[in-house]
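Residue numbers begin at 1 in each chain, while the letters A, B, ... track the order of the sequences.
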Amino acid sequence: MIWSLNETLPREDIEEIQLKRLKHAVRNAYKNVPYYRDQFKKLGIKPKDIQTLDDVRLLPMTTKEDFRLNYPYGLFARDAKDIVRYHASSGTTGNPVIVGYSRKDLENWKEDIARIVTMAGVTKRDTAHISFGYGLFTGALGLHQGLEKVGAGVVPMSSGNSQKQIKMMKDMGATVLIGTPSYALRLGEVAQEMGLDPREDLKLRVGCFGGEGSTEAMRNKLNEVFGMFATENYGLSELGGPGVSGECTQLTGMHINEDHFLCEVVDPVTLEPLPPGEVGELVITPLTKDVLPVMRYRTKDLTSLHYEPCACGRTTARMSKVSGRTDDMMIISGVNVFPSQIEEVLFSTEGIGTNYLIKIKTENHIDKIEIDVEVVDNAYLESVDALERLHKELQTKMHTTLGIRPKINLVENKSIERSEGKAKRILDLREK
Amino acid sequence: MFIKQLSVFLQNEPGRLQNVTEILKDGGIDIRALNVSEGKEFGILRCLLDDTYKAKFLLEENGYLCKLSDVLAIEPEDKIGSVNEVLKALSDGGINLNYIYSTIRPLHEEKPLLVISTSDQDKALEVLQNLEIPLVSSKEKI
Ligand SMILES: [Zn+2]
């Protein structure tokens, strides 16, 4: 099922809507955000200079740092009387990013989520268990409201207390699981520890995962563990949370809500636009925001854009799975390494757990990378040879995939720390 | 006529084996025989215990990857040539030895207990039964 007609418009019509809304967003930023008015002045441009969609390139770019410098309300185009909700991103250091929503912003957000969960196959007959943490984080309430709009029954479980989560899913007969993919895998482990078979004892049918990146291998694992259809969706708290894009059942990438978000992909170094299909940094301009008309937000996420219509009937552009973050990229002895590459290898190897830890060290001024992985299949206890073979297989695959030779540490089952939100996967111990 | 052996995956780090023996001690479990096979980065602890199932439960509760397997445990006479006799019989039978180790203290006076794993345990059992050397079974309290 397709939620909105806006998802099936011919390209010219999509672009017409985008241009009209872009002009409006630019006027909102210029008129109501002093920070942007200064930026426009510095660049020598006025709102009227935006006459085509390509003119978006004339606009100033915005980074997370700009949010911090303008903390808390410096980028807001509305004041308290028009704002009905606030959220904040988890700032690991310093100030968090504060986002505000007008009533109309909330309506658009619900609409975007309703489209995304519908794309994934969720209907009003479903019961949706939300394992995102409620509170300032956008994920839980974002999905919550969109699912209610679709008519699904929402179980606002929040995160933590994994055993209770399993009990609730089982007792309520939840058919949809919402959360981060790594926490979903953790829930699968807990269910098994409780002596349950998640495929039989839980009724999960569809997964809508987000809040962190994932890989195809991770999807396969989720499908296998729960016997579900796992999908991914995308959003950023700076742009209001989830709702930018999501996967339809064709799994051909994530359909972008193009009438609400204008997406570009640029070279992360030169910032020049890249042609469709090429991987670069995703830059997003939200088109319909009252409170936060952010101009060209640099997501630091690496993806590519695809404009061919999809077999599902939608004509909206699709972004490929995020293959890494420009700032997650590790440079090890001059080679670019993404955690997602490492994940791909681990997930495609039998007998290895889903948790891992990448450690980067300096030894004699040379970068060394070590990866801790857990052995979870007791068939490997037959002989040291079997373990050595597994070890060698991992070493070889890593070398082929990464172009460098990380040291693989086979560690005891469950010795890597578990998390109940975004997983911590990288430990950089290099001397700075 | 086989006996249950517990195998435990160990990271090759100081104190890892001791951590296991600590858990066993706290559980009041007596180690009758033990052996560690080491790879470069990790090892496998194999042991015979007076309460194998309880040990497995306790170790798994502490996150250890464990496996139970059937091994042969025999009691050759404590005299010159007795071990050789066992090994010769196995090699004459075309059976490969995976590993062999012995108990910390004898089960019966003057008789060491040899723990044996081979490429073909059923055939090894047959060969050893023909030698008329006493075999210890799981039924016997070790
Ligand atoms: Zn589609």
- First locate atom CG of A:L410, then atom CD of B:Q11, and finally report the distance between them rounded to the nearest 0.5 Å. 9.0 Å
- Heavy-atom side-chain proximity of A:L387 to B:F9 below 4.5 angstrom: yes
- Should we say atom OH of A:Y134 is surrounded by more than 12 heavy atoms from elsewhere, each under 6.0 Å from it? yes
- Query: Is it the backbone or the side chain of A:D385 that comes under 4.5 Å from a heavy atom of chain B, or both, or neither?
  - Reply: neither
- Query: Is the NZ atom of A:K170 crowded by more than 12 outside heavy atoms at less than 6.0 Å?
  - Reply: no
- Evaluate whether atom NZ of A:K407 has more than 12 neighbouring non-hydrogen atoms of other residues, nucleotides or ligands under 6.0 angstrom away. yes
- Item | Proximity breakdown for A:E382 and chain B, heavy-atom pairs closer than 4.5 Å | both
- Message: Which atoms of B:E60 are under 4.5 Å from chain A, going by heavy atoms: the side chain, the backbone, both sets, or neither?
- Response: neither
- Message: With side-chain hydrogen bond (donor to acceptor under 3.5 Å, both in side chains) as the rule and sequence neighbours excluded, what pairs involving residues 120-129 of chain B come up?
- Response: B:T118-B:Q121
- Check whether any side-chain N or O of A:N378 sits under 3.5 Å from a backbone N or O of B:C66 as a donor-acceptor pair, and report yes or no. yes
- For B:V8 and A:L381, which heavy atoms make the closest approach, and how far apart are they? C-CD2, 4.0 Å
- Can you establish whether the number of heavy atoms outside A:E350 located under 6.0 Å from its atom CD is more than 12? no
- Student check: side-chain heavy atoms of A:E412 and B:F42 closer than 4.5 Å: no
- Correct closest heavy-atom pair for B:S37 and A:V384 would be CB-CG2, 3.3 Å
- Query: So, for A:V376 and B:L65, which heavy atoms are closest and what is the spacing to 0.1 Å?
  - Reply: O-CD1, 3.5 Å
